[in-house]
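Report on the structure given below.
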Amino acid sequence: MTERENRSERGPAYEPVAIERKWQERWGTEHVNAFSDDGLAAAPRPFYNLMMFPYPSAEGLHVGNIYAFTGADIYGRWMRLRGYDVFEPIGFDAFGIHSENFALKQGTHPLDLIPRNVANFTRQLRRTGAMYDWDHTVDTTDASYYRWTQWIFLQLFKAGLAERKEAPVNWCPSCMTVLANEQVIGGRCERCNTPVEQRTIAQWFFRISDYAQRLLDNLEWIDWSESTRKAQQNWIGRSEGAELRFPLDWTPPDEFWDSAFAGDTEEAEAIAALREELDENESRVDEITIDVFTTRPDTVFGATFMVLAPEHPLVPWITGDAQRAAIDEYRTQVGAMDLVARKKTDKEKSGVFTGTYAINPATDERIPVWIADYVLMEYGTGAIMAVPGHDERDFEFATKFALPIVRVVAASVEVANAPMAAAEPHEGVLVNSDRFDGIPADDAKAEIVAWLAERGMAETRVNYRLHDWCISRQRYWGPPIPVVYCDVCGIVPVPESELPVLLPRIENYQPNQSGVSPLARDESWYRVPCPQCDAEARRETDVSDTFLDSAWYFLRYPSANRDDVAFDAELTRKWLPVTMYIGGEEHSVLHLMYARFITMVLKDLHLVDFEEPFRTFRKHGLIIRDGAKMSKSRGNVVVPDDYIERWGADTFRTYLMFLGPYQEGGDFRDQGLMGPYGFLNRLWDTVLPVKELGGGPLEDAIEQKLHATIRKVGDAIGSLSYNTAIAAMMEYLNTVREGGRAANRAEVEPLIVLVAPFAPHIAEELWQHLGHDESLFRRASVRREPPSVGFEIAIDDGGARGLWPAYDADKATADIVEFVVQVNGKLRARMPMPRGIVEAEAREAALADENVRRFVDGKQIRKVVFVPDKLVNIVAS
RNA sequence: GCCGGGGUGGCGAAAUCGGUAGACGCAGCGGACUUAAAAUCCGCGGGGCUUCGGCCCAUGUGGGUUCGAAUCCCACCCCCGGCACCA
């Protein structure tokens, strides 16, 4: 029989593309996403299923996107089948350097390019078969969206959490803009990999570091993927220690006080405060101190010199005349380094003596003050006490410049003065530390801090690695920061009523090295009257970081169609925080941190009533191709359109989920598609001959397998083990088809529902074939009288009921179980036994086995281990 | 260096409150159907030995705990991701 003849008996072949078109249209026209006539506002069982909205590139949707979205969509569809009102929106994160660079390369204006990309993405997204709510989408570049991004900025500004300050920032010479710390990876621009330079420019910062502790504390309880939580913990980088003060042994020149410490760095502020204090107390000026942060205050007796970061503001004032030329040269040299060179850990230590000494507050000894590039201005106080005996870097430095090295921690006091060949970072007891000798180093930390604190020379302190978020970008393609500079009034926020500050269309939007934004070229745009005094003023010409756009988009979705508020209070109460968020881990310290921060701020401003935006977050893995990372240069990029056109979205989706554990990712191999494709074909061929009234009762063995499969698939989807869920369905279908037998309706009808989250189109089609005239997903989500189906429907803990089949735990287990018989832990026989068999009987049956006897005979039975319904282990010797 | 994750057949992977290692699938081999091929269906499939009953070995390496270890403990090796002159 030829395939054609064969087919004519079994019915039409599976034609995925036609079926998928049909159902994608029907889902649209039948409003499958409508929970009720009142839509979002009235949904009784809200479940906010979020995925990370894509950046709409010109290349189109990447498999990585589809992998991420499909995994999230399966979860959403599953929840919907279980009777929840699943809100699953999608949008476009279309501002930012990436889009702008591409536009520049193409010579197409982003205002023209982005709508095209969005249209193409929309087409592709629809084709993947995800159940997006197309009535609630966002596009961050739309003025109706960024108006509210600007509004968020203003809320932070009013709360004192947005501030403009001059500070050393990361400058990418290729992108020609500043970057947030989070956008610098190993000293390089995360976008273009160019080594980042340091520049001092006035920028807008959000005070995220004020929230460091809260951001850290909440990580203890939020339900997030472990690795993502750890990444955030590392990024926040809390360390506990102390701040110690080292008085300078130095008389400041007169100009010290009249100097240019008018900058707004913390150090200058501290000096100003100190001056005031000294004036009040008529104290001696040499009580000026260098403050250091240390996690090892117990080693203070070993601090034999100090090191300041070359940029430290005290440096010019404490530099001796003899050292000035060398110091200036070194500072210039370090200032010219890019971050990759500066932060290199394996280069030889360098540094210069300032000519000034400080007093070690523990030993009262004079110790020299140096500058060196291994001390970083941005961490701690930008100054350290160097303890060469117990810090590798200090040891190296001391060795190179012949500075004294003292051991202050040792295994015991007896070995206190053995020669030191290297820094000894290990724990022990204090030595060469005067009255603290013999105390375990760990205990000494608190004691020494307390002792120094009596003299005002120390206090305990925690320090964070997290820095304020620099949000200014000297680029064109972003929301203008809504601020006006007035000579009279200073910094004036744009009144909320005047939002949005529209991004003007300018043709020459190329960035340049000047540090000045392209918008500064459009005088007609930036010249405005001051909103307060009407004097001539000037708009801020920087735009905000794209990550600000995405730090609040999840709040916008439910209210996407509202033009009077950023997010409606009622809708927000109903739908947020997000119930389930699935996305890539690459955003652990960028998007996911910023979104948490913005939400906390909004909570503090009483604009939302929760402070963690995502109840549950799960990361998904990465897809590689044929064992290697996908890249254009390697030529191994999967173009989703081609695969979907050829095999259908259902096969593509199912394969992506089958190729490996979802949370770990996997290797895309074209051959692999054949597995899921064959599965869907066999499903089709099995269900098609089943007529509406056909079939009879379930055979026992199949009924058992069915119940076990329902349980397994539900458990697996719940834990995102999609690959094993699919394997379980394949196994079940194999059982149903065993020996070429024809299936009956009761066997396949529930299977169609199990398959539906993965392959929704074929499921709909087969569902319809079985005589149901309404969409499976619509039927599951719109609560009316129970649908007439030939299986029990599961009722969720929360009372939700959709179409997901229930299983009977008793029926899911076979009546005859295969027992394993071991002798001394080694497998010697397998035998079927009735479920629930008691130990004595199992033991008797086991000992009756010939092979078991071979290993037991002639030996003494010491013990018999019995695991109900599983095994008997006879211990004999 | 620190923090995560991982190492199981030719390949992707299952199985981790300790209890049949390799489910499911890909590729492969054998068979049915066919003039033939494709498609489809059936069967085989870690390695070694075998008197065909079975036996021995096997989950990165080396130890340990246990009646029993891929799973737990100790030491180590390798791979992937993140952080890193962070004091």
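Numbered from 1 within each chain, the chains take letters A, B, ... in sequence-line order.
Every residue meeting the ring-ring contact (aromatic ring centres under 6.0 Å, His included) condition with A:F617, not counting sequence neighbours, appears here in chain and number order: A:W224, A:Y581. A:K445 is linked by a salt bridge (Lys or Arg N to Asp or Glu O under 4.0 Å) to A:D442, counting only residues two or more places apart in sequence or in another chain. Listed by chain and residue number, nothing satisfies the salt bridge (Lys or Arg N to Asp or Glu O under 4.0 Å) test with A:E190 (two or more places apart in sequence, or in another chain). By the salt bridge (Lys or Arg N to Asp or Glu O under 4.0 Å) test, A:R393 is found to be paired with A:D391, residues two or more places apart in sequence or in another chain being considered. For A:I837, the side-chain contact (heavy atoms from CB on, under 4.5 Å) test picks out A:F819, A:M833, A:P834, A:E841, A:A842, with sequence neighbours left out. Every residue two or more places apart in sequence or in another chain was checked for a salt bridge (Lys or Arg N to Asp or Glu O under 4.0 Å) with A:D650, and none qualifies. The side-chain hydrogen bond (donor to acceptor under 3.5 Å, both in side chains) search around A:D223 returns A:T616, A:R618, not counting sequence neighbours. For A:F652, the ring-ring contact (aromatic ring centres under 6.0 Å, His included) partners are A:Y643, not counting sequence neighbours.
If you check every strand for non-hydrogen atoms under 4.0 Å, A:F679 touches nothing. Note on A:V375: a base of the nucleic acid sits closer than 4.0 angstrom, heavy atoms only. Across all strands, A:D346 comes closer than 4.0 Å to no nucleic acid atom at all (heavy-atom distances). Nucleic acid contact for A:R229: none, since no nucleic acid atom lies under 4.0 Å from a heavy atom of the residue. The residue A:L376 sits close to a base: some heavy atom pair falls under 4.0 Å. Among the protein residues, A:P676 comes within range of no part of the nucleic acid, since none of its heavy atoms lies under 4.0 Å from any strand. As judged by a 4.0 angstrom heavy-atom cut-off over every strand, A:F855 is placed among residues touching the sugar-phosphate backbone only.
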Between the protein and nucleotides 78-83 of chain B, are there any N/O to N/O pairs under 3.5 Å, and if so, what are the atom names and distances?
| unit_1 | atom_1 | unit_2 | atom_2 | d |
| --- | --- | --- | --- | --- |
| B:C83 | O3' | A:R465 | NH1 | 3.2 |

Produce the list of close N/O pairs, under 3.5 Å, pairing protein atoms with atoms of nucleotides 65-72 of chain B; give distances to one decimal.
| unit_1 | atom_1 | unit_2 | atom_2 | d |
| --- | --- | --- | --- | --- |
| B:C67 | O2 | A:N873 | ND2 | 2.2 |

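As rounded to whole Å, 11 Å separates atom P of B:G18 from atom NZ of A:K870. With rounding to whole Å, A:I726 atom CD1 is found 14 Å from B:A14 atom C1'. As a whole-Å value, the separation of A:E731 CD from B:G22 P is 13 Å.
Taking the P atom of each, B:C3 and B:C17 are spaced 25 Å apart, rounded to whole Å. B:C56 and B:A21 are spaced 12 Å apart, taking the P atom of each and rounding to whole Å. Taking the C1' atom of each, B:A39 and B:C33 are spaced 11 Å apart, rounded to whole Å.
Within the 3.5 Å criterion, the main-chain N or O of A:F658 finds no donor-acceptor partner in the side chain of A:Y722.
Here A:W647 and A:Y655 keep their ring centres 6.0 angstrom or further from each other. Two rings, from A:W370 and A:F401, have their centers less than 6.0 Å apart.
With the 3.5 Å cutoff on both pairing distances, Watson-Crick and G-U pairs in RNA chain B assemble into runs of at least 3 at B:1-7 with B:77-83, B:10-12 with B:24-26, B:28-32 with B:40-44, B:46-49 with B:54-57, B:60-64 with B:72-76.
For RNA chain B, the neighbouring residues in residues 390-401 of chain A, judged by any heavy atom under 4.0 Å, are A:R393.
In this structure, A:R682 does not reach the B:U40 phosphate: none of its side-chain N or O atoms is under 4.0 Å from OP1 or OP2. An OP1 or OP2 oxygen of B:C41 is reached within less than 4.0 angstrom by a side-chain nitrogen or oxygen of A:R737. A close approach under 4.0 Å does not occur between any side-chain nitrogen or oxygen of A:R853 and OP1 or OP2 of B:G54. Under 4.0 angstrom from either OP1 or OP2 of B:A23 there lies no side-chain N or O belonging to A:N723.
Of the candidate nucleotides B:C55, B:A23, B:C85, B:C85 has the atom nearest to the side chain of A:K343.
Taking 4.0 Å as the cut-off between side-chain N and carboxylate O, A:E731 and A:K705 count as a salt-bridged pair.
Between A:H620 and A:Y662, the two ring planes are tilted [angle within 30° to 60°].
Glycosidic conformation at B:G53 (O4'-C1'-N9-C4 for purines, O4'-C1'-N1-C2 for pyrimidines): syn, within 90° of 0. Using a 90° window around 0 for the glycosidic torsion, B:G31 falls outside it and is classed as anti.
Crowding of A:E392 atom CD: a count of heavy atoms from other residues, nucleotides or ligands under 6.0 Å not exceeding 12.
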